[in-house]
Amino acid sequence: MRRFGHVIGATRGEATSTRWLPVFDPAHAQPYAQVADGDATHVEAAVTAAEAAAPAWAALRPSERAHHLERLADALEAQLDAFAHAEAIDAGKPLALARDIEIPRAIANLRFFAHAATQFASESHHGEAGLNYTLRLPLGVVGCISPWNLPLYLFTWKIAPALAAGNAVVGKPSEITPATATMLCQLALDVGLPAGVLNLVHGSGPNVGEALVSHPRIKAISFTGSTAVGRRIAGIAGPLLKKVSLELGGKNATLVFADSDWRANLDTLVRSAFQNSGQICLCGSRLLVERGIYDEFRDVFVERARALRLGAPLEPDTQLGPMVSQAHFDKVQGCIERARGEGGRVLCGDTAADRPGWFIAPTVIEGLGPDCATNREEIFGPVATLQAFDSDTDALALANASDYGLSASVWTRDLARAHQLAAQLRTGIVWINSWMLRDLRTPFGGSQASGLGREGGLEAMRFFTEPRNVGIAFPHIPPTRQHMKKELDTLLRNNQGWAERVTREDPTFFERLSKQQAPKYLWIGCSDSRVPANQVIDLVPGEVFVHRNIANVMVHTDLNCMSTIQFAVDVLKVRHILVVGHYGCGGVGAALHGTRLGLADNWIRHVGDVAQKHAGLLGQLPAEARHDTLCELNAIEQAENVCLTTVVQDAWARGQQLAVHGWVYSLADGKVRELAMDVDAPEALTSVYAAAIASVRERRGISG
């Protein structure tokens with residue numbers, strides 16, 4: 001008798017276990033193989049092997065991981081017939097279903113996520129706060145628990161994205177159908193997948209499944225199975241704050257409208273109810289039919305269901321196989337009896353086939369409302385119910401009368417109706433005039449009792465990775481001198497009037513600018529000759545770009561200030577603008593308001609605001625100077641604010657970090673007195689200001 005052992009690291013086969021469980025052939029209700037009966041010690045060994053392999057696997061380039069998955073897909077495809085034969089015997093499904101649909105889908109899963117490994121990208125954001133990018137890092141060791149109904153199809157649906165994302169996997173297939181998962185893990189070792197990257201532990205849910213879910217070094221669990229077991233997993237994983245993806249049961253509605261081309265699509269409608277003997281979570285077990293066509297549809301549907309051929313998996317004309325186990329056979333039979341007890345009329349089926357094995361004939365039931373257990377609880381067998389509806393609203397209410405929310409299919413020619421229902425059905429998937437139309441890039445999963453999370457495409461890759469955001473402040477990257485010279489030449493050529501004014505006021509300005517290192521700060525000084533602000537450049541070489549004597553010019557035209565600030569911001573990439581002035585000069589306005597860019601005040605009524613705002617400062621001036629100073633403040637604030645607001649807000653819109661700071665000082669009585677200072681300015685600027693004031697005092701012999 002064949003034995004399916006664990007695959008832990010490089011160890012496989014009978015040597016991996018001393019205890020075994022029987023594996024039954026559902027078509028004959030007889031054991032045909034044995035599977036290892038694992039426990040927590042085997043889970044621990046598999047986790048240890050996975051941990052040892054995980055770092056090297058995660059360190060591979062995505063293309064290298066993709067190559068391993070592609071090679072495994074090629075090897076599986078080369079043995080497609082052997083895998084299909086094993087799947088058919090193990091799960092009792094028709095050989096054609098395994099050979100033509102399910103094993104090819106397993107191959108497609110491996111290839112799809114091999115490609116996903118090389119295409120998976122993450123987000124980056126900029127413009128709001130520096131540059132942010134998100135890393136998607138492997139979790140480490142993850143657990144994948146797959147069901148018995150689509151053994152290899154759903155096993156690969158889980159392990160492929162987990163491996164592609166860089167994780168090591170401990171898998172647990174159902175002990176009822178262990179054959180193809182074991183064969184695949186052994187094949188993976190044969191084709192060179194590093195030992196420990198993919199491990200397999202067999203056994204029962206209580207002994208192996210719970211040990212896997214509760215293991216502290218398992219970082220995530222992906223599970224497909226019953227809602228009851230899903231709730232148990234959530235209860236264990238929740239206190240551990242462990243990631244879980246739960247793809248659970250379904251009680252899916254098929255809505256058939258009178259305007260649909262249902263006769264031409266009858267084969268698909270029947271298949272959607274009975275494929276794999278109804279043992280698919282996506283089967284449409286509740287058929288909702290518009291009343292105008294209900295009688296005709298019922299009769300044709302029942303006739304087609306009766307014509308489905310039950311048989312052993314390897315018989316060439318078999319369309320439906322048996323239930324997977326004695327326990328499941330008993331459950332489905334019990335559900336049919338319960339439906340009869342609820343008042344349902346059994347239109348066909350309701351009998352076990354007169355042959356060996358766990359066969360149940362396709363069963364169609366009518367006469368039951370939306371609140372009965374038959375229409376609310378998942379049966380997971382070849383049992384479908386029929387209900388009539390009178391309107392779109394009625395159909396929607398019947399479809400949503402379920403604790404599940406996995407899928408629905410809508411059959412209509414009315415596109416507006418289709419879109420409206422798709423938006424209102426409480427399911428994770430809605431098919432329009434189709435069923436089981438699967439694009440592997442799309443999210444797969446349900447809501448309510450149908451589970452948590454989504455599988456497929458990028459959703460799966462995101463589940464099996466941990467996001468980490470990295471935020472980077474934009475660095476100050478000084479332009480080269482060659483670049484500065486080029487930009488300066490352009491600026492002079494395009495703004496000759498500005499250049500002439502600056503040259504008259506500071507003959508050496510452009511010469512010094514072309515020679516100095518790129519500055520960090522822009523210093524806008526006043527016009528008073530007693531304050532040689534250009535000498536600050538000698539105090540902090542390569543740090544400060546001085547535009548002296550700007551204020552008087554700016555009162556008459558914005559061209560001077562605008563050109564200088566624009567050049568400093570765009571070309572020199574300064575991060576801070578200093579505006580320095582004293583009473584009676586144009587620098588005062590920007591000094592007092594440089595940090596208040598974007599004011600929306602009406603300028604006419606702003607005079608009173610200025611007087612009130614600066615009452616403390618104005619009060620320190622001689623009475624005869626207050627009126628002239630207030631008038632000048634209003635005029636200068638207007639001009640300087642327009643200029644600074646335009647330049648700085650444009651810089652902000654480009655995501656450039658830029659701040660404006662202002663100081664005001666007084667030279668009354670021949671003494672330099674600091675009357676206002678921007679306390680939020682960087683310490684470097686504060687020291688520059690202090691040094692400049694000290695220099696002025698020293699050079700002019702002004703006492704403190």
Side-chain angles (χ1 to χ4, degrees), residues 1-7 13-14 17 19-38 76 79-103 106 146-155 172-187 200 202-205 208 225-226 274-280 308-334 351-362 380-382:
M1 184 175 287
R2 188 173 185 181
R3 283 182 164 176
F4 301 112
H6 309 299
V7 179
E14 294 191 26
S17 181
R19 299 192 312 273
W20 303 88
L21 297 170
V23 180
F24 286 85
D25 171 1
H28 299 91
Q30 295 294 324
Y32 85 99
Q34 292 180 322
V35 63
D37 183 13
L76 175 57
Q79 298 187 31
L80 190 153
D81 288 338
F83 272 81
H85 187 276
E87 197 81 297
I89 297 297
D90 202 37
K93 59 181 74 240
L95 178 61
L97 181 62
R99 183 188 61 234
D100 300 338
I101 296 177
E102 295 189 12
I103 305 303
S146 56
W148 49 256
N149 61 321
L150 305 171
L152 194 64
Y153 182 133
L154 292 181
F155 183 68
K172 183 208 172 299
S174 171
E175 68 277 18
I176 297 173
T177 55
T180 51
T182 308
M183 294 166 62
L184 184 75
C185 290
Q186 293 175 342
L187 184 63
L200 197 71
H202 293 294
S204 67
V208 173
S226 71
F274 298 116
Q275 183 165 307
N276 201 39
S277 299
Q279 299 171 119
I280 301 177
L308 293 173
R309 295 184 297 276
L310 273 71
L314 302 184
E315 294 175 3
D317 59 349
T318 293
Q319 292 177 294
L320 292 186
M323 300 295 94
V324 75
S325 67
Q326 180 71 60
H328 193 56
F329 174 86
D330 294 341
K331 174 200 169 183
V332 175
Q333 285 286 77
T351 58
D354 185 18
R355 59 182 298 159
W358 298 308
F359 290 89
I360 295 178
F380 215 62

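Between Thr182 and Val35 there is no side-chain heavy-atom pair separated by less than 4.5 Å. Side chains of Tyr32 and Ile89 form a contact here, defined as non-hydrogen atoms less than 4.5 Å apart. In this structure the side chain of Phe83 reaches within 4.5 angstrom of the side chain of Leu184, judged on heavy atoms. Residues Glu87 and Tyr153 form no side-chain contact, since every pair of their non-hydrogen atoms from C-beta on lies 4.5 Å or further apart. Ser277 is listed as a side-chain neighbour of Met323, based on a closest heavy-atom distance under 4.5 Å. Annotation: side chain of Leu310 is in contact with side chain of Pro362 (closest heavy-atom distance under 4.5 Å). When side chains are defined from C-beta on, Pro173 counts as touching Ser146, because their heavy atoms get closer than 4.5 Å. Side-chain contact between Lys93 and Asn276: present, with at least one pair of heavy atoms (C-beta onward) separated by less than 4.5 Å.
Ile176 approaches Val23 most closely through the heavy-atom pair O-CG1, 3.8 Å. Summarising the geometry of Pro322 relative to Gly92, their closest heavy-atom pair is CD-O, 2.9 Å, with the distance given to 0.1 Å. The two atoms that bring Val332 and Gly381 nearest to each other are CG2-CA, 4.2 Å, heavy atoms only. Annotation for Thr318 and Gly321: closest pair CG2-N, 4.5 Å, computed over non-hydrogen atoms. Of all the heavy atoms in Pro26 and Ala91, the pair that sits closest is CG-C, 3.9 Å. The shortest heavy-atom contact between Met183 and Ala82 is CE-O, 4.2 Å.
His85 contributes atom NE2, which lies 13.5 Å from atom OG1 of Thr180 (distance to the nearest 0.5 angstrom). Distance check, rounded to the nearest 0.5 Å: CZ of Phe274 to CD of Gln319 gives 12.0 Å. Atoms CZ and CD, on Phe24 and Gln30 in that order, are 7.5 Å from each other to the nearest 0.5 Å. Once rounded to the nearest 0.5 Å, the distance linking SG of Cys185 with CZ of Phe155 reads 4.0 Å. The distance from the CH2 atom of Trp148 to the CG atom of Asp90 is 12.0 Å, given to the nearest 0.5 Å. Rounded to the nearest 0.5 angstrom, Gln326 CD and Lys331 NZ are separated by 14.5 Å.
Salt bridge annotation for Arg309-Glu315: absent, with no cationic side-chain nitrogen under 4.0 angstrom from a carboxylate oxygen.
Within the 3.5 Å criterion, the main-chain N or O of Leu21 finds no donor-acceptor partner in the side chain of Glu175. Between the side chain of Gln275 and the backbone N or O of Ile280 there is no donor-acceptor pair closer than 3.5 Å. Put simply, the side chain of Arg19 gets close to the backbone of Asp37: a donor and an acceptor are under 3.5 Å apart. Judged purely by atom type and a 3.5 angstrom limit, His328 uses its side chain to pair as donor or acceptor with the backbone of Phe380.
Side-chain atoms of Ser17 and His202 include no donor-acceptor pair closer than 3.5 Å.
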Worked verdict on Leu152 versus Ile103 for side chain to side chain contact (heavy atoms under 4.5 Å, CB included):
CA-CA 7 Å; Leu152 194 64; Ile103 305 303; 3.8 Å; yes
